[in-house]
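All remarks here apply to the structure that follows.
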Number of protein chains: 2
Amino acid sequence: MARLAGVSTATVSRAISTPSVVSEATREAVFDAVRRTGYQINLTARNLRRRRTGAIVVMVPDLGNPFFSRILAGIEHVAAPAGFSVLIVDTKQPHAEEGQLFTYLHNTRADGLISLDGSLPRALLERLDGSNGLPPIVFACEWMAGGLFSKVVIDNAAGAAMAVRHLHGHGHRRIGHVLGPQGNVLTSARLKGTRAALEDLDLRIVPEWFFDGDFSLQSGAEAARAWLALQERPTAVFCASDQMACGFISELSMEGYSVPQDVSVVGFDDIDIARRFIPSLTTIHQPRNDIGAEAAKLLIERIGNGKAAAPAVEEVLPVELVARESSGPAEPF
Amino acid sequence: MARLAGVSTATVSRAISTPSVVSEATREAVFDAVRRTGYQINLTARNLRRRRTGAIVVMVPDLGNPFFSRILAGIEHVAAPAGFSVLIVDTKQPHAEEGQLFTYLHNTRADGLISLDGSLPRALLERLDGSNGLPPIVFACEWMAGGLFSKVVIDNAAGAAMAVRHLHGHGHRRIGHVLGPQGNVLTSARLKGTRAALEDLDLRIVPEWFFDGDFSLQSGAEAARAWLALQERPTAVFCASDQMACGFISELSMEGYSVPQDVSVVGFDDIDIARRFIPSLTTIHQPRNDIGAEAAKLLIERIGNGKAAAPAVEEVLPVELVARESSGPAEPF
DNA sequence: AGCTAACATGTAATCGATTACAAAGCGCAG
DNA sequence: CTGCGCTTTGTAATCGATTACATGTTAGCT
């Protein structure tokens, strides 16, 4: 390579990574040689020397879940132009044991980490107190208690409150809620928002109207069965995810009930299928692409700086209610 | 590190990567030092020396599409335990221009490539004839004409035929088809299967009953509008993707038509929502996880071998029809 | 002319692991 | 006791780019 262009390897390197410092003529000679040989820089070598990897890891709780794919797309959208590769890890996979995951991070594999799962491998956490050079970490969607890390989230409580107020606005006075998985931060934030709004509106809070769930289609269907079994049923139900809302409506429909005639349903997320479900889903829209993009932007910024200095940032993106067909007026009675 | 264990760096390296060649005592000493210092190997350096990267790239046509996420999950499931990182690239992103993508591959970033998109960046293809060390490549789902590359696919034509036969079995004699995007290999394979089955069953092939589409919800809805506009309508429609089937049914439902009473619909893919859609979707089930897993297995095998030697392999995974509610008996008349 | 500053380029060290090769230690057979 | 072979370990070269430092060149100024 260097020989072909008639210069030293140092000059080649400079022509490629700092074109401004070499003379016009040399630059051309080098570029020409590059073109002729089809030379491709060896990133491994560059990264070794620069002490970085040019990759960021994204920990995804469940790759099969369509909710996350758009966020990933947002991340990729920002990371790729910035010269970072996106490495994905499915944390729900069995291999994802302590050690394994840890390996993924220790700066040797990636320069930073975005967690969509609200957790970190234990091994990583233990490193924390050692103030031992952890790579920059940003949480998106979910997060960990403690305010230690930067995060990009939405106002879950506000979203939940919007859902409840919407139903109240339609005349509903008995409102139920299908929860996400126990122990999840989103679950509790949305639950909190729901309860707060219910209290605010002087509506009844009935324990039986709070159904267990885990964000999945299946759990929505199970909630529907619980709803069916009730003596006194809420006339509207706010589900903490669209998937559960779909499962809920689907199960009811199999039992001959219809939405919104028999019960109004509001979801959360506004996944793609929401507007095409039958009935189309009233839901709380999250800017999924933006969440990913913001998280990536934040992370890359941190990687650029001396990571240590930066204090944790919290970015809250707006949500909005999208009224569709699954919610309607309460039966007057 | 080496100092702490009282041995040379060479011995440390051996203890870690080839434990069998060092003596019991030394090995223990090294492992002990590793434990005490929390030493993590620098993969960049190792990869530089070994002339590999330990990563595979997956080119995804559209990360936002839920169909692909499960395939990705399958890939990750196999790749991670084998010590490979999974790098994703969204080929539909604007940045994904020729050069950019190329950079991703040239062995410096990844040891191999899985393409879910049925294409390769042009720059890569040009390399082909040069027999210039291309990394191993495996196609999954979609593929490129020419049999040059290994691929893991399903029998699309057979799937389409199953769908048509199923509808025929329910008494339908006028059957339509919503196509995928033009120029796509899946589109043509499914179309071919559809036509073959129609001919086989002595059913009419009416050009107006073949609707354009692109696998998306939106295009399914548009096909529904086209169906509505027809003078003579098919009594059953086979959609080349579940998303289109959902869009189709959704649009009809808004216009007051219902499925399967007014028209039977069969989809393709069996995405998660299919069984919870209303009506639940009769569809051709693809083993999405397995497709990803097989592709990864195949690729990793190739990476292990001297890549050159291996002839292209074609693996065809079975599909099956899942009969649900969206298809029913044709109106007798 | 003489001196300095600015620029362009080459030389060689460096990143951190791997590994070819050499050497040392040891056992065993002749 | 010598020599061959085996195991274990150390020395130093290597992977391919980057970059501190040194050197050489030219322009500009007094």
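Naming convention: chains lettered A, B, ... in sequence-line order (proteins, then strands); numbering from 1 in each chain.
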Tell me: [atom1] of [X] to [atom2] of [N], nearest whole Å?
X: B:Asn47; N: D:dG16; atom1: CG; atom2: P; answer: 13 Å
X: A:Asn42; N: C:dT14; atom1: CG; atom2: P; answer: 21 Å
X: B:Ile16; N: C:dG16; atom1: CD1; atom2: C1'; answer: 11 Å
X: B:Glu24; N: D:dT8; atom1: CD; atom2: P; answer: 10 Å
X: B:Leu43; N: C:dG16; atom1: CG; atom2: C1'; answer: 11 Å

query: Do the charged groups of A:Asp272 and A:Arg288 touch, with an N to O distance under 4.0 Å?
result: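 Answer for the salt bridge query: yes.
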Note to self: Is the phosphate of C:dT14 approached by A:Arg51 (side-chain N or O, under 4.0 Å from OP1 or OP2)?
What the structure shows: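 No, no such contact exists.
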Exercise. Can a side chain N or O of A:Arg46 be found less than 4.0 Å away from OP1 or OP2 on D:dT18?
Worked result: yes
- Message: Looking at A:Ser13, is its backbone amide N or carbonyl O close enough to the side chain of A:Ser17 to form a donor-acceptor pair, meaning the two atoms are under 3.5 Å apart?
- Response: yes
Quick one: side chains of residues 138-147 of chain A, donor-acceptor pairs under 3.5 Å with protein atoms, not counting sequence neighbours, listed by atom name and distance.
{"from": "A:Glu142", "atom 1": "OE1", "to": "A:Gly118", "atom 2": "N", "distance (Å)": "3.3"}
{"from": "A:Glu142", "atom 1": "OE1", "to": "A:Asn184", "atom 2": "ND2", "distance (Å)": "3.1"}
{"from": "A:Glu142", "atom 1": "OE2", "to": "A:Asn184", "atom 2": "ND2", "distance (Å)": "3.4"}

Taking D:dG16, C:dT18, C:dA17 as options, the one with an atom nearest any side-chain atom of B:Leu48 is D:dG16
For nucleotides 9-13 of chain C, print each protein N/O atom paired with a nucleotide N/O atom at under 3.5 Å, atom names and distance only.
{"from": "C:dT9", "atom 1": "OP1", "to": "A:Ser23", "atom 2": "OG", "distance (Å)": "3.2"}
{"from": "C:dT9", "atom 1": "OP1", "to": "A:Thr26", "atom 2": "OG1", "distance (Å)": "2.3"}
{"from": "C:dT9", "atom 1": "OP2", "to": "A:Ser23", "atom 2": "N", "distance (Å)": "3.1"}
{"from": "C:dT9", "atom 1": "OP2", "to": "A:Ser23", "atom 2": "OG", "distance (Å)": "3.4"}
{"from": "C:dT9", "atom 1": "OP2", "to": "A:Thr26", "atom 2": "OG1", "distance (Å)": "2.9"}
{"from": "C:dG10", "atom 1": "OP2", "to": "A:Ser8", "atom 2": "N", "distance (Å)": "2.9"}
{"from": "C:dG10", "atom 1": "OP2", "to": "A:Ser8", "atom 2": "OG", "distance (Å)": "3.0"}
{"from": "C:dG10", "atom 1": "OP2", "to": "A:Thr11", "atom 2": "OG1", "distance (Å)": "2.5"}
{"from": "C:dG10", "atom 1": "N7", "to": "A:Arg14", "atom 2": "NH2", "distance (Å)": "2.7"}
{"from": "C:dG10", "atom 1": "O6", "to": "A:Arg14", "atom 2": "NH1", "distance (Å)": "3.1"}
{"from": "C:dG10", "atom 1": "O6", "to": "A:Arg14", "atom 2": "NH2", "distance (Å)": "3.4"}

Practice item. Examine the side chains of A:Asp117 and A:Ser115 and answer whether a donor and an acceptor come within less than 3.5 Å of each other. Key: no
message = Within the 3.5 Å criterion, strictly below it, is a donor on A:Asn47 or B:Thr44 matched to an acceptor on the partner's side chain?
response =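 On atom types as modelled, these side chains do not qualify, holding no pair under 3.5 Å.
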So salt bridge (charged side-chain N to carboxylate O under 4.0 Å, His left out) across residues 15-32 of chain A, not counting sequence neighbours, yields A:Glu24-A:Arg27, A:Asp32-A:Arg35, A:Asp32-A:Arg36
